[in-house]
Every structure is written in C-alpha cells, then in structure tokens.
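The structure under discussion appears below in the form of structure tokens.
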There are 2 protein chains.
Amino acid sequence: MNNAGNPPKKKHSVTIMDVARASGVSYATVSRVLSGYEFVRESTRNRVMEAVEHLGYVANLQARSLAGGRSQIIGLLVPNLDNTYVGTVTRGIDQELVRANYDLMLYTSHRHPGNESLYVNAIANGLTDGLLLVAPLVPTTYLDALRERNFPYVLIDQADATENSSVVEATNWQGAYEATRYLSQLGHTRIAFITGALAVRSAVDRLRGYKAALADCDIPVREELVIEGDYQQQTGYEITKSLLQSVDPPPTAVFASNDLSAFGAMDAARECGLLIPDDISIIGFDDIPQASLVCPKLTTVRQPLEQMGQVAVKMLLEQIEHRGRPPQRVTLATQLVIRDSCGLYQTQRGEHSKTLKSTGGSLLRTN
Amino acid sequence: MNNAGNPPKKKHSVTIMDVARASGVSYATVSRVLSGYEFVRESTRNRVMEAVEHLGYVANLQARSLAGGRSQIIGLLVPNLDNTYVGTVTRGIDQELVRANYDLMLYTSHRHPGNESLYVNAIANGLTDGLLLVAPLVPTTYLDALRERNFPYVLIDQADATENSSVVEATNWQGAYEATRYLSQLGHTRIAFITGALAVRSAVDRLRGYKAALADCDIPVREELVIEGDYQQQTGYEITKSLLQSVDPPPTAVFASNDLSAFGAMDAARECGLLIPDDISIIGFDDIPQASLVCPKLTTVRQPLEQMGQVAVKMLLEQIEHRGRPPQRVTLATQLVIRDSCGLYQTQRGEHSKTLKSTGGSLLRTN
DNA sequence: GGATTTCTTGTAAACGTTTGCAAAAGCATA
DNA sequence: TATGCTTTTGCAAACGTTTACAAGAAATCC
C-alpha cells in the first residue's frame, strides 16, 4: 500500500487491558468504572481509578465510539472562517463544550460544494455525537437525512422551513424593526435596506421587521430601496454604490442586514464622497468585534453571538442525552447599539429632529 | 448506564459488508479498492465503486483508524478564537486539508489550562494523524512527549527552542527591521517597541530586528522605550498609555509586535489627544484583516498567514506519509504594508524629511 | 506443457472499546 | 440453614475496518 518503508504501528499505548491487569479486575469492570456505572463496589472503583491515574490511561476514542459508546465529539459546520461572526459563535460553543468534556470537529461548508448531502452524511456516519450548523445556506438538502437517522443537531441563526429542527436564533424581526425605527426617528425617510440571502430565514425576518417599522412610521416601502444581498462585504459595497448612483433621490440612510455588508456600504458611501454620518447614516446587524473598530464606529443591532453558541450546545447535549425529544426553538434578544455611524437627517428646516425616545426595546449606548 | 430509555443503537448504516455483498466480492477486496491498493482487477474495482456509489457508502472513521489505518483527521491547537489572526491561518490550513481529504479537529488551548500534557497526550492518543500548533505559548511541556512517540506535528509562528521540531514561520527579524527602519526614515528617533510575550521565539526575533535596525540607523536603544507585552490589545493600550505619560520626552512612534497591540496603542494615543499619524506614528505586525478597517488604516508588516497555514499542512502530511523524516523549518517572507498610520516626524526645521528609499526588502503600497 | 513468476482475491486475526447475559457474591428474610 | 433478593463482576460477542498470510488464477518462461 502507499505506506512506504516506515514503522506503521504506533507505539503501543496503554489500553484498558493494562488497567485491568494492574487493578486485578476484568476489563469490563474497568469500562464500567470509567463510564460511571453505578453498581461497582467502592473499593473496586478506587483501585481502578488508581491504576488509571498511575498508568496515565486515556480511553481510545475510536474504539469507544465504535463499540457503541459516545465519542464525546460534536461536529461544527460553519460557512467560512473569514469573519469574526463565526469566531464569536464558536467561542461560545467552545466554552460550553469544554464544560461538558466534549471535543470539537470543525467543517467549513465551502469545502464540499457540490455533494453536501454526502458530506453531512459523512459527519453523521462518522464519529460525532451531534452536529451544530451555523447559518447554513441550504439546509433543506440534508436536514431530512439527519432527522430520519434521528441524529441530533441544532441550527444556529437559521431556522428550518419545516419547523422540525431545533433552532437558536435572535429576535431578527424585532432587531430590524428597532433599527429602522431608530433611523426614522433621526428623520430619515429614504432608508435603503440590504437584505441577506433570502434563502436564509433570519434574512427574511429582518426584512419583515424593516417593512413593519416603515409601516408603523408611515413611510411607504419603496421597492427600489430594498435589494437582496448575501451578507458579503463586497456585495454590500456594490449594492450601495448602485443605490447611490442610480436611485433618485438617493437614500439618506442604509440599513445593512449584517455588519459586513454595512462595511461595504461605508466603503461605497465614502467613495461617493459622502460623509458618515453627516451625509448618510449607516446601520448594521450582528455587532461583530470589527463594528467598534471601523471609523466611524458602526451603529448596529447586536446579536448575542457567543450566547447563541452556548445555548446551542446545551440544546444539542440535551438532545444527545435524550434522543427523540421534540425540537426546541430558542430566541434570544437583540439590542440596538448606538455608535457613530448614524446622524440626524440634514434638512433645511430641521423639522425632523424630534427628540429620540426609546422604542420599547433595549437600547445601549457604548463605544 | 446513564443512557435512560432511548434507542441506543444508531440506525444501522451501510457498511463495507453491504458493499461487498452488492458487488459480489469479499469485504477485504472492497477495503483494498477503497484504499487504492494497486493489485485489483480493473473490472472488480469498477464493480465495487459502482456499489459504493449506489449505496452511498461512507467508510466509518472509527473503525478505520482503530484497525490501524489513517483517520484522515488532523488536530489543530489554537490559542483562542478572538481575533482573525487565527481565522486566517486556519483558512489556509483548511484549504490545503480539503485538498488532501483530511478533516479537522479544533482545540483551543485555554480549554485545558492546567494539565496540558494530559491534553496533548489525549490528542495524540486519539484519532488524529498529526497535530498543528498555532503560536503555542509553552510548547516545551508536551513537545518532548510528542517527539518521543514519533507523533507528527508542526509548529506555526513559534519556533522550538531545541530546534527539533518542524516549524513554519515568517521573517520576523527582517520584518521588524524594515518596519523600524521605515520609521527612522520618516524622521523618528524615539521609537517605542511593544514586544510580544518573550517566551515566544518570534517575539524575540522581532525585538532583535528592531534593535538591529536602530543600530544601523545610529539610533541608540533606550530601554525605557522597549516594553514587554503579550499580543493583547488591552496590554498594548496600557503600555502605550504609560509610555506617553511617564517617559520624557515621549516616543514619536510606536512599533507594536502585532496588530492587536497596535490597535491598543492607537486607542491610547487618541485618548492622550494625539492625532495619528500627525502627532504619533504607529505600526503593527501581522496585517490581519482589521488592519485595513481601523481608522487610520494601519501600516503594518504582513505575515503571509494563510500561506503559513497551507505550508504547515503540506509539511505535516509529508511527515505523516514518511515518519521519521528530520524536522524541517520553513521561513516565509514578510512584507511592509504602508497605509495611513505613520507620518513624517514633525520638526520645526523639517530636517528629517529626507526622501524615502527602499530598504531592500519588499515594500507594498496598498489600501 | 510444466514450472515459475506475477496478479488477484479470500480468510482470519487484530484494533480497544461497550454491553447483554449469566454467574458469583452479599445480604436480608424466613 | 435454606431461600430469594440485590449488588457486583466476568465472559464473550459485537462495532467496521485494515492487513498479514495464503491460496487460486493468470501470465510468462523455458
């Protein structure tokens, strides 16, 4: 085989047999001690643990999960690794996972573009006890397969159309509503909206929140101001550019469905010679760490990304422990974070500068 | 056991036996086809592949690696998930890994603070074929153990004191040298230096590059301008603050050993009422994506992070294929990226505004 | 055409666990 | 002391692969 002339056998590591021998019991008993079986004599347990300690025994994961036990590994499928959105969610996941003594297997979805179903199949067939999906684009393809296998999984920031999956998300509608309303209160009426990929449920919710807010503020929706994006900075840039150049009169505010798009919008605005927030207001969604780094600092709707990761893990572990629990849906609160990228609508008469009042949602002033 | 009343057996998935049955050969032959053994009749191979395709067979990883084969998984140990530094390196790793059909297991080092040796032991004992360590802080503890087991691993951006490990790094000395020299050419003579954690080899190299450049520019090293940091933004902030407040005369330029520290320095400078780059110049190291987002855009020394990840994977796979190859050390070129955070030293007589000339290294003008 | 050599395939034995089953050991009750 | 419970333990059979070994088939040589 392609194994050339090298020592193929790993140095023999200490197995459950060694522990059994050292503690004078059968390997089955050792296994029971290690997996916390209750009917083991206290003295036996101690003897075994001592041997484990002494020999530095670590259970072999392959063998364990092959034999039907838990692998103590969960799979994480993320869309990419470019932005800190994923990083932040992952941090939350990681925190909770270490607490439960689980390991993490990372998959980047762009890695297997065509055959996604084979791909997810592989994860589930493999050694993970469960799967976490961060904002997957086309989940429908493989969710059915997972459900049919009764394989535990949780969706993060992307709901399942069929309502049959466990989901962790934020109050997308409410967040978008508040952001839009905030812009309106600043006097803006020509508020453009850059959506996310509308295949993603959260993107649709945000769009609905935007429209609802406009309606409540008696601002008619102008369809030419609503353009479908894809959460990418470049796309946000291009959309904003065309909005500013070809819509007349141009928008005085841009609400981007995520911070990355908002960054793109800022680039475009600047390139058109507009000052932020004097000439144009820009607001984002997510509050990734970069949002407070850009200049001016981005006003945005904060999603509790880290917390979402934590909650998702808890839900997943719950599912792993108790298969067949009905799917759960957890929605966490968003929060409007006001920074420096939105300003009053500059009007000759200043009529729009009514005082700001809370929208009833949570409002946070920060840097 | 703690397995309550749930269906413990996973739905039986398609195994190598099923494929064997479907294609009318023994399971051993199937295994050989799948692992690319050469002495299989063409017709047999086709028949097997057809069955595989048809049944949607995916090899069970646990079983495979248990039986002595490769798990096709590599472990990645990163210090944290906060900044895009790690994300960028990981992207490179991921790209190369998918090409080689490997999966990725992610470990965050802060997860097992105390017992690192047990931790790495677990990774090596477990199901990974090799290990990638990104900028580990205290590698000495476990490297010996890995080496003794002849377990493949590669260090990224952190050299091993004993020179016994495979390492991928950048030209830290040269990068720091060029950055320092650049500042000097702008007329600065009071150039502060915020180091990284000096336990990390690359941090030491950068410090040496800084000192060498000063020497070559006939600028004496003032020890009060060189302060040990730890690559954290907060620390960069604190150090710069104290530099500006308690050193007299204060530095006119700050060279931070990584971008994160530089961001902290920018915060501090601004807080002291200084304009960047008019009153103070700041330069970083790494060129993480945020560097071009901050305001003003950060001049910095680019490390080819993504490429470092790719190279590391190639080296690791090489090691996995051919155990016992002597450790290799690859050094990639850094590049000075000039943006907007550094300016000419403001002097009454303007005597320092000599024309800039290339330092001989690579120089890149970009936004 | 028989003897070699080279390909091709199958059998069986690992790999290190978990877990059903049954036997052994305690222990209380009668 | 026998009886019937619990608790504790061991045996053996999976789990799904890889791979050494050996045997059968095909090709090559003299």
Side-chain angles (χ1 to χ4, degrees), chain A residues 1-4 6-21 23-48 52 55 57-73 122 125-127 129, chain B residues 1-4 6-21 23-48 52 55 57-73 122 125-127 129:
Chain A
M1 331 263 328
N2 51 13
N3 211 347
N6 41 20
K9 275 276 160 291
K10 288 176 183 176
K11 181 99 57 65
H12 202 71
S13 50
V14 35
T15 85
I16 203 172
M17 290 300 205
D18 300 321
V19 177
R21 214 162 8 240
S23 50
V25 297
S26 77
Y27 54 89
T29 301
V30 175
S31 171
R32 289 192 185 102
V33 169
L34 263 43
S35 56
Y37 186 59
E38 52 180 332
F39 295 124
V40 177
R41 185 167 317 188
E42 193 57 27
S43 62
T44 312
R45 183 189 306 280
N46 291 337
R47 211 143 26 96
V48 169
V52 166
L55 296 172
Y57 168 76
V58 181
N60 179 313
L61 283 181
Q62 300 99 292
R64 168 172 291 174
S65 68
L66 179 56
R70 300 276 159 67
S71 66
Q72 297 289 114
I73 297 174
N125 194 35
L127 67 182
D129 290 342
Chain B
M1 333 268 315
N2 52 11
N3 210 350
N6 41 20
K9 274 279 160 293
K10 286 176 184 177
K11 181 96 62 58
H12 203 72
S13 50
V14 36
T15 84
I16 202 172
M17 292 299 205
D18 300 320
V19 177
R21 217 167 0 247
S23 49
V25 297
S26 77
Y27 54 88
T29 301
V30 175
S31 171
R32 282 192 271 259
V33 169
L34 263 44
S35 57
Y37 185 59
E38 53 180 331
F39 295 125
V40 177
R41 186 168 315 187
E42 193 58 25
S43 62
T44 312
R45 183 189 306 280
N46 292 337
R47 211 143 27 96
V48 169
V52 166
L55 296 172
Y57 168 76
V58 182
N60 180 312
L61 283 182
Q62 301 100 294
R64 169 172 290 175
S65 68
L66 180 56
R70 301 275 161 69
S71 66
Q72 297 289 113
I73 297 174
N125 194 39
L127 66 183
D129 291 341

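First the proteins, then the strands, lettered A, B, ... as listed; each starts at 1.
- Comparing A:R45 and B:R64, the nucleotide of DNA chain D nearest to each residue sits closer to the 5' end for A:R45.
- Using a 4.0 Å heavy-atom distance criterion, B:T44 is classed as a sugar-phosphate-only contact.
- As a whole-Å value, the separation of B:L66 CG from C:dA13 P is 17 Å.
- Rounded to a whole Å, the CD1 atom of A:I16 is 8 Å from the C1' atom of C:dT18.
- Here the nucleotide nearest the side chain of B:R41, chosen from C:dT9, D:dT9, D:dG16, is C:dT9.
- The distance between atom CG of B:L34 and atom P of D:dT19, rounded to the nearest whole Å, is 13 Å.
- Proximity of B:T29 to the phosphate of C:dG10: a side-chain N or O atom is located under 4.0 Å from OP1 or OP2.
- Within the structure, a side-chain polar atom (N or O) of A:S31 is placed less than 4.0 Å from OP1 or OP2 of C:dT18.
- If you measure from atom CG of B:N60 to atom C1' of C:dC15, you get 13 Å, rounded to the nearest angstrom.
- B:Y57 has a side-chain polar atom (N or O) that falls below the 4.0 Å cut-off from OP1 or OP2 of D:dT17.
- The line from OG of A:S26 to CE of A:M17 is 9.5 Å long, rounded to the nearest 0.5 Å.
- For A:R32, counting side-chain heavy atoms from C-beta on, the closest listed nucleotide (D:dT7, C:dT19, C:dG16) is C:dT19.
- For B:A63 and B:V40, each mapped to the nucleotide of DNA chain C holding its nearest heavy atom, the one lying further toward the 5' end belongs to B:V40.
- Nearest heavy-atom pair across B:V30 and B:A20 is CG2-CA, 3.7 Å.
- With C:dG16, D:dT9, D:dT18 as the candidates, the nucleotide lying closest to the side chain of B:Y27 is D:dT18.
- Here the nucleotide nearest the side chain of A:A28, chosen from C:dG10, C:dT17, C:dT19, is C:dT19.
- The distance from atom CG of B:L61 to atom C1' of C:dG16 is 17 Å, rounded to the nearest whole Å.
- Side chains of A:D18 and A:R21 form a contact here, defined as non-hydrogen atoms less than 4.5 Å apart.
- Set against D:dC11, C:dG10, C:dT9, the side chain of B:Y37 has C:dT9 as its closest nucleotide.
- As a whole-Å value, the separation of A:F39 CZ from C:dC21 C1' is 16 Å.
- With distances taken from any side-chain atom of A:S26 to the nucleotides C:dC7, D:dG10, D:dG16, the minimum falls on D:dG10.
- The backbone N or O of B:S43 lies less than 3.5 Å from no partner atom in the side chain of B:N46, so there is not a single donor-acceptor pair.
- Counting to the nearest Å, the C1' atom of D:dT19 and the CZ atom of B:R70 are 13 Å from each other.
- Annotation: side chain of B:S71 is not in contact with side chain of B:L61 (no heavy-atom distance under 4.5 Å).
- When rounded to the nearest whole Å, the span between CD of B:Q62 and P of D:dC15 equals 13 Å.
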